[in-house]
Amino acid sequence: MEFSHELIMPNQGFPFKIFLFEGGDGNYFRDKHWHRSVELFAVYEGTLRFYLNEEAYPLQTGEFMLVNSNEIHSVDSPEPNRTIVLQIPLKTFEDYYTGERFIRFTHDPLPQDGQVMKLIREIHRAYEEGACGYEMRVKGLYYMLLYLLVTEYRETDVTPDMVKWHKNLNRLSLITDYIKENYASDLSLEALAGIFGYSPTYLSRMFQKYAGINYKSYLQNIRVERAFQELANTEHTISETAMNNGFPNSKALAKAFQKKYGMLPSEYRGKRTRK
């Protein structure tokens with residue numbers, strides 16, 4: 001199992017991040033990962049398959065998935081879709097915590113689901129259009145959404161085990177934040193352990209216990225995902241992309257890329273070029 005922690009940065013000028021899902025073209029799989037922010041995946045066209053803690057949640061057009069802070073999840077997007085992703089910093093809900101920096105929302109369908117879908121679509125539309133006064137409209141819609149989340153979707157019956165798991169992943173998140181900033185460098189387990197004051201053995205156990213993956217595989221996963229993004233968004237050569245993302249050469253990138261995405265970097269670049 002390959003988990004990674006994702007660092008979320010809000011859109012400039014707004015207390016949240018909203019964007020179209022990067023797997024909208026299909027033939028895309030996002031490995032298991034987590035983040036401290038609360039996340040909503042709203043599907044407006046097509047389908048997705050969501051996985052939360054090994055349980056599958058197929059999403060149809062008009063449905064959304066609410067991902068809790070530090071909830072390990074993955075996304076399978078084999079076919080084209082139009083999905084809006086909204087990420088909300090955990091601190092937004094600090095007045096509503098039910099445990100130590102902990103809040104949990106239900107995954108169950110509710111009568112308000114249609115209203116949530118409508119609000120997310122309108123937030124994204126107003127943000128993209130950028131018309132006069134859009135900042136106030138976007139924020140007004142956003143706070144209406146937050147009101148629905150804390151009044152209708154928040155769960156108040158949480159267990160000590162839920163809070164403990166959340167706390168442990170927060171500890172590991174401090175380390176994975178650092179990795180995400182330095183993944184392209186020669187970042188050995190021994191060096192990382194020294195930076196955070198752990199022994200290499202203890203840090204290795206921490207990754208295995210709380211993230212379900214060994215450190216080497218975790219780092220490799222981060223690198224290949226960043227290489228995927230670079231190939232999608234730049235004109236850099238495959239060799240340049242390999243070096244920019246911590247791979248010793250293009251052959252090493254090709255091997256990792258094919259294992260994860262089922263195709264070579266050159267095949268992926270060719271598909272992007274033909275569009």
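Residue numbers start at 1 and run along the sequence shown.
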Is any side-chain heavy atom of [X] closer than 4.5 Å to a side-chain heavy atom of [Y]?
X      : Y      : result
His236 : Asn244 : yes
Ile84  : Tyr44  : yes
Ile103 : Arg154 : yes
Met117 : Glu63  : no
Leu149 : Ile88  : yes
Val67  : Leu40  : no

Indicate the atoms forming the closest heavy-atom contact of [X] with [Y], along with that distance.
X      : Y      : answer
Gly23  : Ser77  : O-OG, 2.7 Å
Phe247 : Ala256 : CE2-CB, 3.9 Å
Met243 : Pro248 : SD-O, 3.5 Å
Ile238 : Leu253 : O-CD2, 3.9 Å
Phe257 : Leu264 : CD2-C, 3.9 Å
Gly46  : Asn81  : CA-CB, 4.2 Å

Check for a donor-acceptor pair, side chain of [X] on one end and backbone N or O of [Y] on the other, with a separation under 3.5 Å.
X      : Y      : value
Thr234 : Leu231 : no
Asp113 : Leu110 : yes
Arg30  : Asp76  : no
Asn249 : Ala252 : yes
His35  : His33  : no

Verdict with supporting geometry, Met65 and His73, side-chain contact (heavy atoms from CB on, under 4.5 Å): CA-CA 11 Å; Met65 175 55 64; His73 57 286; over 6 Å; no
Test side-chain contact (heavy atoms from CB on, under 4.5 Å) applied to Ile123 and Arg137, step by step: CA-CA 8 Å; Ile123 290 169; Arg137 174 162 175 75; over 6 Å; no
Quick check on the hydrophobic clustering: are [X] and [Y] connected, directly or via other members, by side-chain heavy-atom contacts under 4.5 Å?
X      : Y      : result
Leu59  : Tyr51  : no
Leu148 : Leu146 : yes
Tyr198 : Leu172 : yes
Val85  : Phe29  : no

So with a 6.0 Å cut-off around [atom1] of [X], is the heavy-atom count from everything else above 12?
X      : atom1 : value
Gln60  : CD    : yes
Arg121 : CZ    : yes
Met206 : CE    : yes

ring-ring contact (aromatic ring centres under 6.0 Å, His included) between Phe64 and Phe41, worked out: CA-CA 5 Å; Phe64 71 90; Phe41 265 73; over 10 Å; no
Cationic N near anionic O, under 4.0 Å, Glu122 to Arg125: no
Arg36/Asp177 ion pair, N-O < 4.0 Å: yes
Cation-pi, Phe14 ring and Lys139 (6.0 angstrom, 45 degrees): yes
Cation-pi, Phe19 ring and Lys17 (6.0 angstrom, 45 degrees): yes
Aromatic ring pairing Phe196/Tyr178, orientation class (parallel under 30°, perpendicular over 60°, tilted between): perpendicular
From [X] atom [atom1] to [Y] atom [atom2], the distance as rounded to the nearest 0.5 Å:
X      : Y      : atom1 : atom2 : value
Leu52  : Tyr57  : CG    : OH    : 5.5 Å
Gln112 : Glu152 : CD    : CD    : 4.0 Å
Tyr215 : Gln220 : OH    : CD    : 11.5 Å

side-chain contact (heavy atoms from CB on, under 4.5 Å) between Phe16 and Val138, worked out: CA-CA 11 Å; Phe16 59 86; Val138 166; 3.4 Å; yes
Verdict with reasoning, Phe228 to Tyr261, per ring-ring contact (aromatic ring centres under 6.0 Å, His included): CA-CA 9 Å; Phe228 178 96; Tyr261 297 110; 4.5 Å; yes
Distance only, no hydrogens: is a donor on one side chain within 3.5 Å (strictly under) of an acceptor on the other, for [X] and [Y]?
X      : Y      : result
His124 : Glu129 : no
Asn214 : Gln208 : no
Thr241 : Asn245 : no

Test side chain to side chain donor-acceptor pair (under 3.5 Å) applied to Tyr268 and Asn27, step by step: CA-CA 10 Å; Tyr268 175 71; Asn27 194 33; over 6 Å; no
Chi angles and distances behind the side-chain contact (heavy atoms from CB on, under 4.5 Å) call for Thr92, Tyr142: CA-CA 12 Å; Thr92 303; Tyr142 172 67; 4.0 Å; yes
Full working for side chain to side chain donor-acceptor pair (under 3.5 Å) between Glu55 and His107: CA-CA 12 Å; Glu55 186 172 353; His107 300 305; over 6 Å; no
Residue of the set Thr176, Leu219, Asn221 for which side-chain contact (heavy atoms from CB on, under 4.5 Å) holds with Tyr183: Leu219
From CA spacing to verdict: ring-ring contact (aromatic ring centres under 6.0 Å, His included), Tyr97, Phe102: CA-CA 5 Å; Tyr97 289 154; Phe102 181 79; 8.6 Å; no
Ring pair (Phe, Tyr, Trp, His ring centres under 6.0 Å) partners of Phe93, counting only residues at least two apart: Phe105
